[in-house]
Amino acid sequence: MDNEYDEINLNSKINTKVWKRLLAKMWEYKGYCLGAIIFMIFSAFCETMFVKYICSDGLSKYLNQGIDSSFYAFIVGMLLFVVCIAICTYIMLTFASFLELKFYSKITKETFAKVQNQPFSFFDKNTVGFLMARISSDTSRLGQIISWGLIDIVYAFFKLLFIFIVMGRINFKLSLIMLIIIPLVTIVAALFNKIIIKLSRKQRKVNAEITSYLNEGISAAKTSKTLLLEERKVNEFSSIVNKYKKTTMKISFAQSGFYQIIAFSSAIALALMGYFGGLSPLNSSILFLFLSYSTSFFEPVLVIARLSNEMRHAQVAAERIFNLNDVVPEILDSKEVIDKYGDYIHFKKENWEELNGDIEFENVSFKYNNGKEVLKDFNLKVKKGQSVALVGPTGAGKTTIVNLLCRFYEPTSGVIKIDGIDYKKRSVAWLHSHLGYVLQTPYLFDGTIKDNIRYGALDASDEQIYNAAKIANAESFILKLEKGYDTIVGESGNRLSLGQKQLISFARAILANPSILVLDEATSSVDTQTEYDIQQAISHILKNRTSFVIAHRLSTIVNSDIILVIDDGKIIEQGNHQQLMDKKGKYYHLYTNQFIEEKMKELNF
């Protein structure tokens, strides 16, 4: 699914702003960066001098003069070089590993926190696969490339520098032959740069499509099977995978061509080195030194060439992550509110007022992103402790009303007041801390039943959890399970029935002891008897608590203080059950028709 936060222009060039931002984040761990770089430079120096020590100091002497007593000292010197290189490499790898872990951990947590702070509207635009690809795949890839890639480039640069310095001191003219590879690499890199960046961005986009389709395919597996969609789903997934394969193959071909050109150029330079070195009055050990350095010289050149492509992949990943992190939430507390009440992560509970429950919608209108107006000049006053039921056809605006109340969305115009104050003058976290929301399709987290109920109040005792389960009429089925409250519910609660999950979500809401309770067709997933038991169990919970109930079964709302019949975003009828029945309007016909249908079902008609 494409969205406004997904792909940047595929033809864009190297983004210096992205790299400045990445380097700034890396510099937060400058100790690890500097440690890795220092020991890498020292390792490159030791390796360069090690080759010179063997070829120039060793072969030159012992080939001409033969082995003497100093040969053993020469061997000891070689061992010292090897030990120094090993120690430097070990320390460098340790620093680089810590840098990768620190960098990956930070950017992953930052991105996840940004997503958690987004309102409902954000998740309407972005698929699960898209977000998972950013938080998991892109951050991991970026951490690996940035930490190891940049360090390897530093190593390759200093290795080239040290080799050229040593060669230049021995024979400057001959060493100039080595430099022919540098402009060639630059020209070739410029030619391949645009192609590889474009293909890399396409590859990452298709990868996000794969993740999204996998999530949908696994989550909706039962639905696919009941509709006999297995073959179609397999074919659709195969099509996406093939698109990924084709894009990846194009990248491989481009990179292979790039490397082969560099390797061919390196071979030519090596041949020239051997030819001109043979014509020069150099002894065999010095010529061997130059040839050895030639091989060593082209290795870091190839490393730089390879890593230049990896850096392009890193830029693509960074662009996508930063794009996601830079999304400004559509619902955002003002600076004054944050200063007083805190933000989503850092609460200032000492400044949080109690919520009584008086609610007022004042000329509230609302439009979704598609521009369709769902509510227009909606007005409603609810006193503390009143229960409000919302009924009406699908799409009438019932869920929109409670979503606006919960500040999952904000009005396009108008004001919503809680306890007489515009709710935007208090923090979102303050409001949500006083809310209890039971959805039509409940979600349970992977863990025990006890853990899932405790999410309503993290500091609750086991006794309070048991009491909430009793009130929600959930304890009867919980105790029948093999491990009772310690039963693992599985991912999304898939080890329990839909009705059981709903009862646990009720217990969770009851434990939270909210000032405002919202039930969004919350009893539609349980059988009639269980629904009756729940209504009896929570009737005293609703006392002194403002509640909004979106009802499918009208028999469950007959005791509500206010019943609103909503149609096309407007209140067409309002009153209690008896008042609306006496009017014999829309509610009367809805209720009587549903009553007749339920009676016919009971009589097996």
Side-chain angles (χ1 to χ4, degrees), residues 357-366 372-405 437-441 502 506 516-543 545-605:
D358 293 326
I359 297 170
E360 181 178 0
F361 287 74
E362 191 175 284
N363 300 319
V364 171
S365 297
F366 179 73
K372 181 181 179 181
E373 194 166 54
V374 182
L375 292 180
K376 185 176 181 180
D377 295 328
F378 182 82
N379 291 278
L380 176 66
K381 286 187 177 181
V382 180
K383 294 181 180 179
K384 172 186 176 181
Q386 285 188 316
S387 58
V388 180
L390 306 172
V391 301
T394 301
K398 306 184 299 295
T399 300
T400 300
I401 292 171
V402 297
N403 283 342
L404 289 171
L405 166 65
Y437 201 124
V438 181
L439 298 166
Q440 179 181 7
T441 305
Q502 194 64 279
F506 264 102
I516 300 174
L517 183 63
V518 176
L519 307 179
D520 188 353
E521 297 192 23
T523 59
S524 62
S525 300
V526 297
D527 58 72
T528 304
Q529 180 59 46
T530 304
E531 180 183 53
Y532 174 79
D533 293 339
I534 292 175
Q535 290 296 328
Q536 295 299 311
I538 68 174
S539 59
H540 73 281
I541 296 295
L542 299 182
K543 292 179 181 178
R545 222 177 242 103
T546 307
S547 62
F548 281 71
V549 181
I550 298 177
H552 173 70
R553 294 176 182 171
L554 302 185
S555 58
T556 64
I557 61 168
V558 294
N559 295 322
S560 298
D561 297 312
I562 303 172
I563 298 175
L564 304 178
V565 183
I566 309 295
D567 195 7
D568 197 23
K570 298 178 181 178
I571 301 174
I572 60 174
E573 289 181 9
Q574 179 174 342
N576 59 34
H577 173 73
Q578 192 57 53
Q579 291 170 339
L580 295 178
M581 292 297 290
D582 292 341
K583 286 183 179 181
K584 295 190 176 181
K586 181 73 172 179
Y587 177 82
Y588 172 83
H589 291 293
L590 288 173
Y591 184 84
T592 53
N593 288 339
Q594 193 175 96
F595 180 79
I596 292 171
E597 289 177 2
E598 291 179 356
K599 286 299 180 182
M600 291 180 68
K601 286 181 181 179
E602 291 178 6
L603 297 173
N604 294 321
F605 276 94

[X]: partners by side chain to side chain contact (heavy atoms under 4.5 Å, CB included), with sequence neighbours left out:
| X | answer |
| --- | --- |
| Lys570 | none |
| Asn363 | Asp377, Asn379 |
| Gln579 | Asn576 |

First locate atom [atom1] of [X], then atom [atom2] of [Y], and finally report the distance between them rounded to the nearest 0.5 Å.
| X | Y | atom1 | atom2 | answer |
| --- | --- | --- | --- | --- |
| Tyr588 | Asp582 | OH | CG | 10.0 Å |
| Phe361 | Leu375 | CZ | CG | 8.0 Å |
| Met581 | His589 | CE | NE2 | 10.0 Å |
| Asp567 | Ile572 | CG | CD1 | 4.5 Å |
| Leu380 | Glu362 | CG | CD | 12.0 Å |
| Ile359 | Ile516 | CD1 | CD1 | 4.0 Å |

Chi angles and distances behind the side-chain contact (heavy atoms from CB on, under 4.5 Å) call for Ile566, Phe378
CA-CA 10 Å; Ile566 309 295; Phe378 182 82; 4.2 Å; yes

Lys384 and Thr546 have their tightest heavy-atom pair at CA-OG1, 3.6 Å

Glu573 versus Lys586, closest heavy-atom pair with distance
OE2-N, 2.6 Å

Which residue pairs satisfy the ring pair (Phe, Tyr, Trp, His ring centres under 6.0 Å) criterion with at least one member in residues 555-583, sequence neighbours excluded?
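Residue pairs with at least one partner in residues 555-583: His577-Tyr587, His577-Tyr591.
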
In a table with atom names and distances, give each donor-acceptor pair under 3.5 Å that connects a side chain of residues 386-399 to protein atoms at least two apart or in another chain.
unit_1, atom_1, unit_2, atom_2, d
Gln386, OE1, Lys383, N, 2.9
Ser387, OG, Asp561, N, 3.0
Ser387, OG, Asp561, OD2, 3.4
Lys398, NZ, Gly392, O, 3.0
Lys398, NZ, Pro393, O, 3.1

In chain order, what residues pass the ring-ring contact (aromatic ring centres under 6.0 Å, His included) check against Phe366, with sequence neighbours excluded?
Tyr368, Tyr409

Please determine whether side-chain contact (heavy atoms from CB on, under 4.5 Å) holds for the pair Thr400 and Leu404, giving the CA-CA distance in whole Å, both sets of side-chain angles, and the decisive distance to 0.1 Å.
CA-CA 6 Å; Thr400 300; Leu404 289 171; 4.0 Å; yes

